[in-house]
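Worksheet: the structure to be examined is printed underneath.
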Amino acid sequence: MTTPIERVSLPLTSPLLIAALLFSTSACSNPATVNTSNNVPEQKESQISKADMRTSDAQVSADKPEFTTKAVATFDEPWAMTALPSIDGKAPKLLVTQKTGELFIVDTATGSKTQVAGIPKVAYGGQGGLGDIILAPDFATSNAVYISYVEAGKGGDSNKFGAKVIKATLAGLGTNAPTLQVITPIWEQSPKVTGQGHYSHRLLFSPDGQYLYISSGERQKKEPAQNMSMNLGKIIRLYADGSVPKDNPFVNDSNDIASQFWTMGNRNVLGIRFDESGRLWANEMGPKGGDEFNLIEKGKNYGWPIVSNGRNYSGTPIPDHDTRPEFEMPKITWTPVISPSSLSLYTAGSHNDFPALQGDFLISGLSSKALIVVSVDEDDSATERYRYDMGERVRSVLAVDGQVWVLEDGDGGRLLRLLPK
């Protein structure tokens, strides 16, 4: 374990500097590794100084929680994590995915990692590989998990890729040889396309455990987000077995693809979560500027690529949301970008490390190298409350049982526990 490192946020520099930097950065999550020639180019990582990414004076509050960090384990290109059910109040065990195709069970008490066998072959490259993992609502009796990953097409389509979601049984828990068994396909992106970006493939069950939500990125192709014959650029809502609920907003007996949609006009949603009132929220990467925090509502169209509060990578403008009232406006936009990579909700459990954050959302930031705290109100408004400079790109944040865990991005990315001061 490493020596705890205190992270202290400082005031943001002047608004004039912010204005000068307004469109200088991109929200893309993994700019260096997209290597397919027909991809829309990923923008270079933010050139903003660390001071520019910290909270403004207006966001600094006497009750802002402070913390140190304790490193528990390290990974190579970690992507997602979820917690196994706690046993007798013991330190939690986490499931952690690596984009390269590995799944680990991590004992946070000791830092030991046990690799899970049986992972399907993943198409690793660019932003693709092994993705999200969540527990089935009946995990306590079924040991079932849901996993997303990227797979390549077959034959002549081997240079085309798409996300896939499976259900599997996690067997051998508590042994030295856990494995995935009884793998069942649930959903996949259609069509598979060239390029290796914007898969999204975040997974979430509704609070009642009845519905599975899947974020499906537009794969850097833009137009699919408005195309009713493609499930790219959408948020998907299914039953746990992959079947389509009859009350989905675009149910159409002649269009099975559209029947899956809950929302459309989404770009690259890497965080989805319900709040304490049962409202669904998502963070979304914008293009050159214009990262979004959205209230996700049945049947709404969020406008991409027709509107955005950012610009195209070429620098050409895109009409803002307020020019097209038929599209749903974000509750927060960020320019310069934060590059949001995951979303979690803080609630107290057997621990209550950060009571001031009760009911707040936690967003991990890549180019911003930050942990962002967002509050939502009953009137459906949202506000950035705090920002913490973490010093490294943050791939994932998980609040569970009143504790907060953070995964750094890239090779040697650390799993950190945030310890209240």
Side-chain angles (χ1 to χ4, degrees), residues 80 82 131-149 151 162-169 182-192 199-219 224-284 294-304 326-328 343 345 380:
T82 194
D132 211 358
I133 182 166
I134 60 173
L135 306 185
D138 64 352
F139 180 85
T141 55
S142 69
N143 275 15
V145 295
Y146 287 73
I147 296 173
S148 68
Y149 64 97
E151 67 172 5
K164 184 172 185 176
V165 177
I166 60 171
K167 178 183 179 181
T169 301
V182 196
I183 294 175
T184 304
I186 296 295
W187 175 87
E188 64 182 44
Q189 286 183 325
S190 178
K192 288 182 171 64
Y199 298 99
S200 296
H201 60 36
R202 283 288 181 190
L203 308 176
L204 177 70
F205 272 103
S206 57
D208 62 7
Q210 188 173 5
Y211 303 108
L212 173 65
Y213 291 83
I214 306 166
S215 68
S216 178
E218 43 74 272
R219 301 288 281 103
Q226 298 293 332
N227 190 325
M228 298 298 287
S229 68
M230 301 179 179
N231 60 15
L232 311 178
K234 316 296 193 305
I235 291 179
I236 307 299
R237 179 182 182 250
L238 305 172
Y239 286 125
D241 63 359
S243 61
V244 175
K246 296 299 183 184
D247 62 343
N248 272 7
F250 303 103
V251 166
N252 186 327
D253 292 339
S254 63
N255 189 342
D256 292 340
I257 291 290
S259 297
Q260 303 171 4
F261 307 166
W262 188 247
T263 65
M264 57 188 297
N266 304 106
R267 185 175 184 267
N268 189 22
V269 173
L270 288 174
I272 50 176
R273 194 70 58 182
F274 285 93
D275 67 15
E276 293 179 301
S277 300
R279 295 170 297 182
L280 182 59
W281 298 84
N283 55 42
E284 179 170 329
N294 288 304
L295 177 62
I296 300 300
E297 296 183 288
K298 179 179 181 178
K300 294 291 181 68
N301 189 327
Y302 291 80
W304 179 256
E326 69 270 32
F327 297 124
E328 194 69 10
L343 183 65
L345 180 73
D380 295 342

Item checked: Ile296 and its side-chain contact (heavy atoms from CB on, under 4.5 Å) partner, picked from Phe274, Trp262, Trp281 -> Trp262

Notebook entry, point to check: Hey, which of Ser216, Pro191, Ser190 is the one that makes side-chain contact (heavy atoms from CB on, under 4.5 Å) with Met230?
Noted result: Pro191

Item checked: Reported CG-to-CD1 distance for the pair Leu232 and Ile257, which is rounded to 0.5 angstrom -> 9.0 Å

Margin query: Could you check whether Gln226 and Asn301, counting side-chain N and O atoms only, form a donor-acceptor pair closer than 3.5 Å?
Written below: yes

Notebook entry, point to check: Do Val244 and Leu238 come within less than 4.5 Å of each other through their side chains, counting heavy atoms only?
Noted result: yes

Margin query: Looking at Thr263 and Lys300, would you say the former's side chain and the latter's main chain have a donor-acceptor pair under 3.5 Å?
Written below: no

Checklist line | Side-chain (Tyr146) to main-chain (Ala240) donor-acceptor, under 3.5 angstrom | finding: yes

Checklist line | side-chain contact (heavy atoms from CB on, under 4.5 Å) partner of Lys167, the single match among Asp241, Ile186, Leu212 | finding: Ile186

Margin query: Quick test of your reading: applying salt bridge (Lys or Arg N to Asp or Glu O under 4.0 Å), list the pairs with at least one residue in residues 269-280, sequence neighbours left out, ordered by first then second residue.
Written below: Asp275-Arg279, Arg279-Asp380

Note to self: Measuring from atom OH of Tyr302 to atom CE of Met264, what distance do you get when rounded to the nearest 0.5 angstrom?
What the structure shows: 12.0 Å

Note to self: Would you call the rings of Phe261 and Phe250 parallel, tilted or perpendicular, taking 30° and 60° as the class edges?
What the structure shows: perpendicular

Notebook entry, point to check: To the nearest 0.5 Å, how far apart are NE2 in His201 and CG in Asp132?
Noted result: 8.0 Å

Checklist line | Gap separating the OG atom of Ser200 from the CD1 atom of Ile214, nearest 0.5 angstrom | finding: 11.5 Å

Next item on the list: Would you sort out whether Val165 and Ile236 count as a side-chain contact (heavy atoms from CB on, under 4.5 Å), showing the intermediate values?
Entry: CA-CA 12 Å; Val165 177; Ile236 307 299; over 6 Å; no

Next item on the list: Using a 4.5 Å cut-off on heavy atoms from C-beta on, say whether the side chain of Ser259 contacts that of Asn248.
Entry: no

Next item on the list: Determine whether Asp247 and Lys298 make a side-chain contact, defined as any pair of heavy atoms from C-beta on separated by less than 4.5 Å.
Entry: yes

Note to self: If the test is side-chain contact (heavy atoms from CB on, under 4.5 Å), which one of Arg219, Lys234, Lys164 qualifies with Gln189?
What the structure shows: Arg219

Checklist line | Nearest-0.5 Å distance, CD1 of residue Ile272 to CG of residue Leu343 | finding: 9.0 Å

Note to self: List the residues meeting side chain to side chain donor-acceptor pair (under 3.5 Å) with Thr141, not counting sequence neighbours, and say none if there are none.
What the structure shows: none

Item checked: Phe205-Phe139 aromatic ring centre distance below 6.0 Å -> no

Margin query: Is it the case that the side chain of Glu284 and the backbone of Arg267 share a donor-acceptor pair, with hydrogens and angles ignored and the cut-off at 3.5 Å?
Written below: yes

Next item on the list: Hey, could you give me the CD1/OG1 distance between Ile134 and Thr82, rounded to the nearest 0.5 Å?
Entry: 7.5 Å

Item checked: Parallel, tilted or perpendicular, as decided by the 30° and 60° cut-offs, for the rings of Tyr213 and Tyr211 -> perpendicular

Check: Is there a donor-acceptor pair closer than 3.5 Å between any side-chain N or O of Ser142 and the backbone N or O of Asp138?
Finding: yes

Check: What are the two closest non-hydrogen atoms of Asn231 and Glu188, and how far apart are they?
Finding: ND2-O, 3.1 Å

Notebook entry, point to check: Sub-3.5 Å donor-acceptor pair from the side chain of Asn255 to the main-chain atoms of Met228, do we have one?
Noted result: yes

